[in-house]
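Right, one structure below, let's go through it.
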Amino acid sequence: RENTHINSRLLAAAVGDEIRRNCPSISARMFTVIREARALESYALQAGYSRAEVEAFLRSRDERRRIRAERDGYLGRNGVVEGDAASYCRLGQREIADQTYIGSLLRAQ
């Protein structure tokens, strides 16, 4: 929870996942997503977290709720309206065009 790098990457993955689930013209770059997930796990292990700690963190309902709340805040601050696919698509297109980390996880179809 205290590691900014880990949390920012998890937030980006959650935002990207929500965009791709709600925008029919955007999908995930699955090989990139898998590679980044493995890199993040490696980073956590090298930072001194045990595999058990990493797995417990990922399974934690409280942590999932926290990340979802952060995701929803990010989406709202960026003009996304729940149920409005076009708003998800606009954000996804902007993330891709701005070459953000979130955008690197997405592909416009």
Side-chain angles (χ1 to χ4, degrees):
R1 176 179 279 221
E2 295 82 28
N3 189 299
T4 304
H5 176 76
I6 291 171
N7 281 282
S8 68
R9 295 302 200 220
L10 290 174
L11 175 59
V15 169
D17 189 48
E18 196 68 7
I19 290 170
R20 70 131 187 122
R21 287 175 183 265
N22 289 284
C23 174
S25 63
I26 292 179
S27 62
R29 293 182 178 275
M30 288 310 296
F31 289 119
T32 300
V33 170
I34 292 167
R35 184 184 70 237
E36 292 297 317
R38 288 183 180 151
L40 187 58
E41 179 183 35
S42 178
Y43 173 88
L45 295 172
Q46 289 176 2
Y49 297 99
S50 71
R51 188 166 302 281
E53 288 173 312
V54 170
E55 290 174 10
F57 180 82
L58 293 174
R59 283 193 310 265
S60 168
R61 289 179 189 226
D62 289 340
E63 292 302 329
R64 286 184 190 177
R65 277 193 286 271
R66 182 181 64 80
I67 292 291
R68 278 194 298 267
E70 288 184 27
R71 175 202 68 199
D72 293 347
Y74 183 90
L75 293 169
R77 287 188 304 278
N78 285 280
V80 170
V81 176
E82 188 174 345
D84 178 12
S87 67
Y88 287 92
C89 294
R90 277 191 300 275
L91 177 57
Q93 290 290 350
R94 189 169 69 234
E95 295 286 348
I96 293 167
D98 290 348
Q99 298 179 351
T100 66
Y101 183 72
I102 294 169
S104 75
L105 304 175
L106 301 171
R107 172 191 336 269
Q109 298 175 351

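These numbers come from the heavy atoms of this one structure, side chains and all, not from hydrogens, waters or symmetry mates.
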Original post:
Around atom CD of Glu53, are there more than 12 heavy atoms of other residues, nucleotides or ligands at under 6.0 Å?
Top reply: yes
Original post:
Counting only heavy atoms not in Gln109, do more than 12 fall under 6.0 Å of its CD?
Top reply: yes
Subject >> Any donor-acceptor N/O pair, Ser60 side chain to Phe57 backbone, under 3.5 Å >> reply: no
According to a hydrophobic-cluster definition based on side-chain heavy atoms being under 4.5 Å apart (Ile, Leu, Val, Met, Phe, Trp, Tyr only), do [X] and [Y] belong together?
X	Y	answer
Leu10	Tyr101	no
Val33	Val54	no
Leu58	Leu45	yes

Using 0.5 Å steps for rounding, measure from the [atom1] atom of [X] to the [atom2] atom of [Y].
X	Y	atom1	atom2	answer
Arg9	Thr4	CZ	OG1	12.0 Å
Glu36	Phe31	CD	CZ	14.5 Å
Leu105	Ser27	CG	OG	11.5 Å
Arg65	Arg68	CZ	CZ	7.0 Å

**OP:** Run the numbers on Arg90 and Asn78 for side chain to side chain contact (heavy atoms under 4.5 Å, CB included), then give the verdict.
**Re:** CA-CA 9 Å; Arg90 277 191 300 275; Asn78 285 280; over 6 Å; no
Original post:
Would you call Asn22 and Glu82 a side-chain contact if the rule is heavy atoms closer than 4.5 Å?
Top reply: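 They are not in side-chain contact.
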Original post:
In the hydrophobic cluster built from side-chain contacts under 4.5 Å, what are the other members alongside Ile19?
Top reply: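 For the cluster that includes Ile19, the remaining residues are Leu11, Val15, Ile26, Tyr74, Leu75, Val80, Tyr88, Leu91, Ile96, Ile102, Leu106.
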**OP:** Could you please spell out the steps behind the salt bridge (charged side-chain N to carboxylate O under 4.0 Å, His left out) verdict for Glu63 and Arg66?
**Re:** CA-CA 5 Å; Glu63 292 302 329; Arg66 182 181 64 80; 2.7 Å; yes
Original post:
Do any pairs count as a salt bridge (charged side-chain N to carboxylate O under 4.0 Å, His left out) and have a residue in residues 94-103, sequence neighbours left out, and if so which ones?
Top reply: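 As it turns out, there is no salt bridge (charged side-chain N to carboxylate O under 4.0 Å, His left out) pair with a partner in residues 94-103 once direct neighbours are skipped.
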Subject >> Of all pairs that satisfy salt bridge (charged side-chain N to carboxylate O under 4.0 Å, His left out), the ones with a partner from residues 11-31, not counting sequence neighbours >> reply: Asp17-Arg20, Asp17-Arg21, Glu18-Arg71
**OP:** Grab the two heavy atoms, one from Asn3 and one from Asn7, that are nearest each other, plus how far apart they are.
**Re:** O-ND2, 2.9 Å
Subject >> Distance-minimising heavy-atom pair for Gly79 and Ser87 >> reply: O-CB, 3.5 Å
**OP:** Answer yes when Arg51 and Glu55 have at least one side-chain N-carboxylate O distance shorter than 4.0 Å, and no when they do not.
**Re:**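 Looking at Glu55 together with Arg51, the answer is no, because their closest N to O distance does not fall below 4.0 Å.
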